[in-house]
Protein chains: 2
Amino acid sequence: MEDRHKQIKSAQLRSDILKQLYFKKTLLYSELSLIYNKSIPVINKIINQLIKDGLVAEVGYAASSGGRRPQMYSVKTNAMYIMAIAMDQFCTRMMIVDMQNNPVTNTQLVELPLNDNANALPQLISCINSCIAKSGINKTQILGIGIGMPGFVSVSDGINYSYLDAGDQKLTHLIHKAIGVPVYIDNDSSLIALAEQKFGAAKLKDQAMVINLGWGIGLGMIVNGEIFRGSNGFAGEFSHIPLSEDGALCLCGKQGCLEAEASMLVVTKKAIEGIKQGKLSSLQSFINEPLERIATAIFEAIAIGDQYVIELLSDAGYKIGKALAILIHIMNPQTIVLSGRGTKAGKIMLAPIQQALNKYCIPRLAGNTELLISTLGFDAELLGAAALVMEYLDDDILNAHFKQKQQPMDKTSV
Amino acid sequence: MEDRHKQIKSAQLRSDILKQLYFKKTLLYSELSLIYNKSIPVINKIINQLIKDGLVAEVGYAASSGGRRPQMYSVKTNAMYIMAIAMDQFCTRMMIVDMQNNPVTNTQLVELPLNDNANALPQLISCINSCIAKSGINKTQILGIGIGMPGFVSVSDGINYSYLDAGDQKLTHLIHKAIGVPVYIDNDSSLIALAEQKFGAAKLKDQAMVINLGWGIGLGMIVNGEIFRGSNGFAGEFSHIPLSEDGALCLCGKQGCLEAEASMLVVTKKAIEGIKQGKLSSLQSFINEPLERIATAIFEAIAIGDQYVIELLSDAGYKIGKALAILIHIMNPQTIVLSGRGTKAGKIMLAPIQQALNKYCIPRLAGNTELLISTLGFDAELLGAAALVMEYLDDDILNAHFKQKQQPMDKTSV
DNA sequence: AAATCTTATTTAATTTTTTTAAAAAGTATT
DNA sequence: AATACTTTTTAAAAAAATTAAATAAGATTT
């Protein structure tokens with residue numbers, strides 16, 4: 001039971017206001033005053049302190065309806081930097097962003113298979129190091145490294161139970177020690193959900209389910225305005241719910257999992273098989289290429305309206321829709337967002353998903369849930385990884401970087 | 001997004017401390033100080049005020065490991081009363097309890113079918129009135145009426161969209177006006193979950209799923225230590241998730257709903273049918289009785305180990321287990337509690353449910369979830385209804401009943 | 001049983017925090 | 001340019017909470 005009633009003291013509002021500015025881009029005194037239920041002078045004091053520390057800047061004036069125009073405040077772009085990393089089963093992307101989420105490096109793409117790869121962790125570490133080196137940014141200027149990864153990730157423990165085994169250490173600690181910058185990890189789908197909630201299609205939504213259409217089918221849950229992780233951090237294991245009694249065999253060992261029936265990986269494999277058996281498709285020339293290429297080819301096929309690919313995706317969509325019907329019955333979300341690298345495929349799936357919802361959902365529930373397409377697409381996970389670092393920001397971390405200048409004593413003697 | 005950061009001022013702690021005392025039975029200064037992060041003098045002040053108002057009493061001393069023994073405090077038993085009402089499709093139970101949940105009336109049982117019964121609402125109101133009259137308690141002494149009912153209930157709107165149509169008024173307002181006492185309604189399964197969380201098997205659990213084994217199969221969700229209701233108040237519609245493609249036809253019009261395969265109602269009907277076709281069972285002599293009697297007979301059959309009944313329940317249990325596997329994958333709960341009037345049947349179902357979980361759940365998830373039997377049983381909904389009233393208690397309501405005595409002014413002139 | 005040690009509660013004083021009020025600064029309208 | 005209005009800053013006042021000290025009362029030791 002959540003019994004501990006914490007009281008936010010304004011002295012501990014510094015980091016919170018900074019977060020607020022990061023997520024909302026720009027804010028006024030009056031808005032901050034409303035958000036925190038504090039009087040303007042209290043906000044004024046903190047903002048002035050943040051400006052003195054070089055963290056926040058005035059960025060012009062907002063409109064006024066007659067009267068002095070209010071100052072807008074933002075985090076200073078180059079006050080600090082964040083490293084964002086998005087991993088999937090085969091590939092890892094990373095970049096460094098400033099305090100307004102502008103990339104300050106290119107997105108580095110590394111082939112880094114996670115499965116049965118004892119070398120994955122050292123490889124990841126060396127990539128991070130070289131990316132930072134190339135950027136020319138001092139490590140002390142980096143607030144943290146946020147990493148999204150597939151698998152059973154416990155955020156609170158800093159451990160991934162599926163990949164990147166760190167022995168008896170915490171994965172976060174190990175990388176932190178190796179790089180010298182704090183590390184935060186999370187499940188890829190949760191980060192996509194975080195990104196959609198903060199910057200994307202689920203913005204300002206309190207109850208949203210974000211489907212990560214990647215090689216698998218992930219689920220990131222926004223519950224009561226926050227990422228929901230369940231009691232062990234494993235909530236949202238959507239892809240392995242038992243859907244059909246005698247379905248395809250899944251990698252997890254069970255039968256009839258959603259993932260085994262409708263994931264991008266399965267669609268891709270079906271496409272290859274179908275083409276080999278004579279189906280006509282624009283994919284034909286790609287069937288011997290690596291998966292990563294085929295995925296791109298599928299998106300291109302969608303763009304030109306390839307009938308066979310659309311047929312396969314529709315079929316997958318209908319199955320996802322049936323699973324979403326279950327999800328809606330349990331969670332009664334306001335919004336479902338189709339996101340992740342497969343966002344483009346999601347557009348094709350919208351209709352069959354809606355069809356399945358109509359069939360399998362009680363109308364009162366289906367009617368109350370909107371089905372949206374990500375506005376962030378493939379970038380969602382990276383944005384989420386950056387947001388993760390900011391989510392964890394607190395006054396201790398902030399003070400470690402920006403010591404509040406000691407006020408000169410008024411009393412002449414101690 | 002939950003942005004409003006509320007600060008608890010000690011002046012507004014009165015009702016909260018009273019709630020705390022109601023739910024925890026008895027507390028010490030030191031415990032309250034920890035719960036609210038307030039110093040002892042602050043707690044001391046509020047408790048003294050509550051004692052002066054006649055709401056709280058000292059109830060002896062706790063043990064000490066050397067030193068003065070601390071005072072224990074409780075809500076005064078007869079400070080106020082709560083009316084608790086539990087409705088199901090066919091029957092309604094009601095009672096009045098004091099501030100320590102002791103019944104001060106017998107449990108009144110009324111036959112009150114909800115389906116196609118335009119008279120249900122007036123009937124309910126007259127029952128409530130006569131129950132209060134019989135109790136001899138003054139209406140001003142009743143803090144509120146908590147009602148659990150099946151159907152699509154919106155707690156925040158005070159409306160039941162399935163039964164007890166109140167026209168263009170809110171159901172809660174209508175009853176409030178008719179009786180003259182504030183009314184709070186909730187879904188039956190949510191109230192059972194509330195009861196289990198506050199007083200039962202899910203006590204102190206932050207993530208718990210409570211299955212309401214009634215005539216249907218309900219779900220009350222405890223998420224992050226609080227009852228979860230989703231965006232429209234309809235979360236936990238567990239009984240109508242699509243389980244099998246070609247299952248039995250459900251009352252909701254769809255096929256293969258969990259409820260249509262495994263609810264008590266279905267088990268009962270199957271039992272009647274089976275016996276008619278020659279199955280041997282202790283139920284034989286009951287098959288022409290009303291449902292309410294048959295339910296009792298089934299519980300008796302369980303007690304004497306009736307093989308046919310146990311077989312039917314095992315079968316239902318396995319199906320419930322499969323549905324629970326889905327729930328565990330999505331929510332990753334710490335605890336699942338089988339509760340409601342069918343708690344006794346739940347005991348028989350434990351084994352087949354666990355079996356289904358082992359088959360359909362990823363081991364890491366199933367292994368982290370404990371499966372428990374309610375400790376409250378048939379009383380859960382009534383207890384939850386009472387708890388609901390207390391959950392809604394705030395300083396405004398409290399002050400309406402117990403005006404804080406005006407402190408005599410120190411200044412002689414204004 | 002007296003002395004000593006612990007722990008609890010109450011009271012008073014101090015400190016911290018927050019708000020209110022007033023002044024100053026800046027815009028828009030007339 | 002004068003007026004009306006809004007925002008920001010500063011200063012003063014009020015409110016709230018904590019600390020510290022004093023008192024109370026039970027437990028332990030001698």
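The chains referred to below are lettered A, B, ... by the order of the sequence lines, with proteins before strands, and numbering in each begins at 1. Reckoned from all heavy atoms, side chains included, excluding hydrogens, waters and symmetry mates.
Distance A:L13 CG to C:dT17 P: 12 Å, rounded to the nearest Å. Distance, A:K45 NZ to C:dT19 C1': 12 Å, rounded to whole Å. Between the CG atom of B:N37 and the P atom of D:dT19 there is a distance of 12 Å, rounded to whole Å. At whole-Å resolution of the value, CD1 in A:I46 and P in C:dT18 are 8 Å apart. Going from atom CD of A:E31 over to atom P of D:dT6 covers 17 Å, rounded to whole Å.
Using a 3.5 Å distance cut-off with no hydrogens or angles, the side chains of A:S15 and A:D394 do not pair a donor with an acceptor.
In terms of the salt bridge (Lys or Arg N to Asp or Glu O under 4.0 Å) criterion, residue partners of B:E391 (sequence neighbours excluded) are, by chain and number, B:K198. Considering only residues two or more places apart in sequence or on other chains, A:E370 meets the salt bridge (Lys or Arg N to Asp or Glu O under 4.0 Å) condition with A:K205. Residues that satisfy the ring pair (Phe, Tyr, Trp, His ring centres under 6.0 Å) test with B:Y81, not counting sequence neighbours, are absent from this structure. With sequence neighbours excluded, the residues that form a salt bridge (Lys or Arg N to Asp or Glu O under 4.0 Å) with B:D186 are B:R229.
Side chain of A:T172 to main chain of A:Y184: no donor-acceptor pair is present (N/O by atom type, distance under 3.5 Å, no hydrogens or angles). When atom types are taken as modelled, the side chain of A:Q141 and the backbone of A:N138 share no donor-acceptor pair closer than 3.5 angstrom.
Comparing B:A63 and A:Y61 along DNA chain C, the residue whose closest nucleotide (by nearest heavy atom) sits nearer the 5' end is B:A63. With the nearest nucleotide of DNA chain C identified for both A:G67 and B:G66, B:G66 has the one nearer the 5' end.
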Exercise for the section: For side chain to side chain contact (heavy atoms under 4.5 Å, CB included), just list the numbers for A:L393 and A:M80, CA-CA rounded to whole Å, side-chain angles, deciding distance to a tenth of an Å, and then say yes or no. Expected result: CA-CA 12 Å; A:L393 184 72; A:M80 284 300 255; over 6 Å; no
I'd like a table of atom pairs between the protein and nucleotides 13-15 of chain D - only N or O on both sides, under 3.5 Å - with the distance next to each one.
none

Interface polar pairs with nucleotides 9-13 of chain C, N/O, under 3.5 angstrom:
residue	atom	partner	partner atom	Å
C:dT9	OP1	B:Q71	N	2.8
C:dT10	OP2	B:Y29	OH	3.2
C:dT10	OP2	B:N44	OD1	2.4

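With contacts defined as side-chain heavy-atom distances shorter than 4.5 Å, the pair A:Q100/A:D98 qualifies.
A sub-4.0 Å separation between OP1 or OP2 of C:dT18 and a side-chain N or O of A:K38 is present.
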